[in-house]
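So the structure is just underneath, and the comments pick up after that.
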Amino acid sequence: MGGPRLAAKLNAYARYWATASLPAEVRPGTIEAEGGGVPLWERRYVCFPRLLFVLTGTGQEGFVHRADDLELIARTRYVAKRLRTVPAMVAKLEDLEDEGPSSDVWWSIADLEAGPGPWWELTGTTP
């Protein structure tokens, strides 16, 4: 998938993270709806799933271009707010195959300048 489509997917994940169900008696857009109810994702997951994007067939230049597209959408206020809670990373499939998924092949979408690291370090979890 191209950069714009990947960026749209990242935006969709941010919307999913923020979407909450409302009680039946509350109408959307009203003062009572402010603050919402339980996030929809909590119906399926104990915690929000990690966002790991794996790119393939791009070459180094294509990888950089697509990662830059993701970083650009990650700078928008709406998505950036979500990425403070649920980090998102990107890696090349070729690097994963050569070095393994726990190697320093994952780039934080919110801060590509920081360089690569292992997924578990960037997400604050342990393998």
Side-chain angles (χ1 to χ4, degrees):
M1 19 190 100
R5 191 164 167 210
L6 286 170
K9 189 169 271 220
L10 183 59
N11 197 30
Y13 279 118
R15 279 194 321 273
Y16 181 52
W17 184 86
T19 302
S21 58
L22 296 173
E25 65 276 2
V26 177
R27 288 190 350 244
T30 63
I31 292 175
E32 293 83 15
E34 290 298 316
V38 176
L40 291 177
W41 60 265
E42 284 188 7
R43 293 181 183 178
R44 292 190 173 170
Y45 307 104
V46 175
C47 64
F48 197 85
R50 302 296 182 221
L51 302 178
L52 303 174
F53 291 86
V54 178
L55 306 181
T56 186
T58 62
Q60 185 59 30
E61 187 176 320
F63 174 78
V64 169
H65 180 68
R66 289 185 185 160
D68 284 344
D69 286 344
L70 286 170
E71 185 181 34
L72 186 63
I73 195 73
R75 289 181 182 174
T76 63
R77 187 169 48 124
Y78 183 72
V79 175
K81 182 178 179 182
R82 303 313 178 252
L83 291 180
R84 284 193 291 275
T85 304
V86 181
M89 284 130 318
V90 62
K92 286 192 303 186
L93 178 61
E94 296 81 6
D95 291 344
L96 290 169
E97 292 174 335
D98 292 343
E99 301 176 38
S102 292
S103 299
D104 294 350
V105 296
W106 295 98
W107 297 77
S108 172
I109 291 172
D111 186 13
L112 294 176
E113 300 270 328
W119 68 267
W120 51 269
E121 185 178 284
L122 295 171
T123 62
T125 58
T126 56

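Any value given below was found using the heavy atoms of this structure, including those in side chains, with hydrogens, waters and symmetry copies removed.
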Reported CG-to-CD distance for the pair D104 and E99, which is rounded to 0.5 angstrom:
8.0 Å
Got a sec, which residues hit side chain to side chain contact (heavy atoms under 4.5 Å, CB included) with E94, two or more places apart in sequence or on another chain?
T56, K92
Short question: side chain of W106, backbone of P101 - any donor-acceptor pair under 3.5 Å?
yes
Pair R66, L70 - check side-chain contact (heavy atoms from CB on, under 4.5 Å), show working.
CA-CA 6 Å; R66 289 185 185 160; L70 286 170; 5.8 Å; no
Calculate, to the nearest 0.5 Å, the distance between atoms CG and CG belonging to L83 and L10 respectively.
5.5 Å
Within this structure, what is the OH-CZ distance for the pair Y16 and R44, rounded to the nearest 0.5 Å?
5.0 Å
Point-to-point distance, once rounded to the nearest 0.5 Å, from CG of L93 to CD of E97:
4.0 Å
Please tell me if the side chains of V105 and W119 come closer than 4.5 Å, counting only heavy atoms from C-beta onward.
no
Quick check for you: to the nearest 0.5 Å, what is the distance between I73 atom CD1 and D68 atom CG?
13.5 Å
From R75 atom CZ to I109 atom CD1, the distance as rounded to the nearest 0.5 Å
12.5 Å
Taking only residues two or more places apart in sequence, or in another chain, which ones meet K9 in a side chain to side chain contact (heavy atoms under 4.5 Å, CB included)?
M1, Y13, F53
Heavy-atom closest pair (A74 atom, A110 atom, distance to 0.1 Å) is CB-CA, 4.3 Å
Tell me the closest heavy-atom pair linking A67 and V90, and the distance in Å.
CB-CG1, 4.2 Å
Main-chain N/O of W17 paired to W41 side chain as donor or acceptor, under 3.5 Å:
yes
Pairwise side-chain contact, V64 with L112, heavy-atom cut-off 4.5 Å (strictly under)
no
